[in-house]
Peer 1: 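Please find one structure pasted underneath; my questions will follow.
We number each residue from 1, following the sequence as shown.
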Amino acid sequence: LPDNVSIAVIVMICVFIASFAWSWGPLGWLIPSEIHPLETRSAGQGLNVTINLPFTFLIAQAFVSMLCNMEYGVFIFFAAWIIIATLFTYFFIPETKGLLIEDVHEVFAAHWFWKRTGVVAHNKDLDGRPS
């Protein structure tokens, strides 16, 4: 790459890392820890780590090849994924601010999409009453 393009790439990588670390980066750890009830939280986080780390490795390994082949297009590629993630979050992740972590699953169970899919079950006591 020419010197001016190389400098621009380094600046764009730094801006992306800083922006990602303050915004989307922690969500891959935060959302899974909130959506699982207490009984399955540790298993859910274990599954999250098991899936997250290999994909992070793959992205890191593929980035240089993508940069060489796509040049600045690699940043458009990742920006498109940020737009998709933003739309997904806006439409499918309910606000959980101010809730106890034990009550978050109820918010997901009442959400227009997750309620329809049956993915989120309501937490019930042994006698069948909602807790």
Peer 1: Please tell me whether Met12 and Ile59 are part of a single hydrophobic cluster in this structure, the criterion being side-chain heavy atoms less than 4.5 Å apart.
Peer 2: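 Cluster IDs for Met12 and Ile59 match.
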
Peer 1: Look only at the side chain of Asn48 and the backbone of Gly44, and say whether a donor-acceptor pair between them is shorter than 3.5 Å.
Peer 2: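 Such a contact is absent between Asn48 side chain and Gly44 backbone.
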
Peer 1: So, for Trp112 and Phe91, is the gap between ring centers shorter than 6.0 Å?
Peer 2: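 Centroid separation for Trp112 and Phe91: 6.0 Å or greater.
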
Peer 1: Output, in order, the C-alpha distance, side-chain angles, deciding distance and verdict of side-chain hydrogen bond (donor to acceptor under 3.5 Å, both in side chains) for Ser33 and Gln45.
Peer 2: CA-CA 6 Å; Ser33 70; Gln45 276 299 94; 5.0 Å; no

Peer 1: Do Ile31 and Ile51 sit in one hydrophobic cluster, given that two such residues count as connected whenever their side-chain heavy atoms are within less than 4.5 Å of each other, even indirectly?
Peer 2: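 No, because Ile31 and Ile51 fall into different hydrophobic clusters, even though each may have its own neighbours under 4.5 Å.
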
Peer 1: Verify, without hydrogens or angle tests, whether Glu71 (side chain) and Gly73 (backbone) share a donor-acceptor contact under 3.5 angstrom.
Peer 2: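 Pair absent, no side-chain N/O of Glu71 close to backbone of Gly73.
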
Peer 1: Could you tell me which non-hydrogen atom of Trp114 sits nearest to which non-hydrogen atom of Phe108, and how far apart they are?
Peer 2: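 It is CB-O, 3.2 Å.
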
Peer 1: Would you call the rings of Phe63 and Phe78 parallel, tilted or perpendicular if under 30° counts as parallel and over 60° as perpendicular?
Peer 2: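 Answer is tilted, since the angle falls between 30° and 60°.
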
Peer 1: Indicate, with yes or no, if Val11 and Ile13 share a hydrophobic cluster defined by side-chain heavy-atom contacts under 4.5 Å among Ile, Leu, Val, Met, Phe, Trp and Tyr.
Peer 2: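 No: no chain of side-chain contacts under 4.5 Å links Ile13 to Val11.
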
Peer 1: On a heavy-atom basis, which atom in Arg41 and which in His36 lie closest, and how many Å separate them?
Peer 2: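 Here Arg41 and His36 meet closest at NH2-O, 3.0 Å.
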
Peer 1: I'd like to know whether Asn52 forms a side-chain hydrogen bond (donor to acceptor under 3.5 Å, both in side chains) with Thr56, so could you lay out the CA-CA distance, the side-chain angles of the two residues, the decisive distance to 0.1 Å, and finally the verdict.
Peer 2: CA-CA 6 Å; Asn52 192 343; Thr56 301; 3.0 Å; yes

Peer 1: Parallel, tilted or perpendicular: which describes the rings of Phe92 and His111, with under 30° parallel and over 60° perpendicular?
Peer 2: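 Geometry flag for His111 against Phe92: tilted rings.
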
Peer 1: Quick check: are there more than 12 heavy atoms from other residues, nucleotides or ligands sitting under 6.0 Å from CG of Asp3?
Peer 2: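 Counting other residues, nucleotides and ligands, CG of Asp3 stays at 12 neighbours or fewer.
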
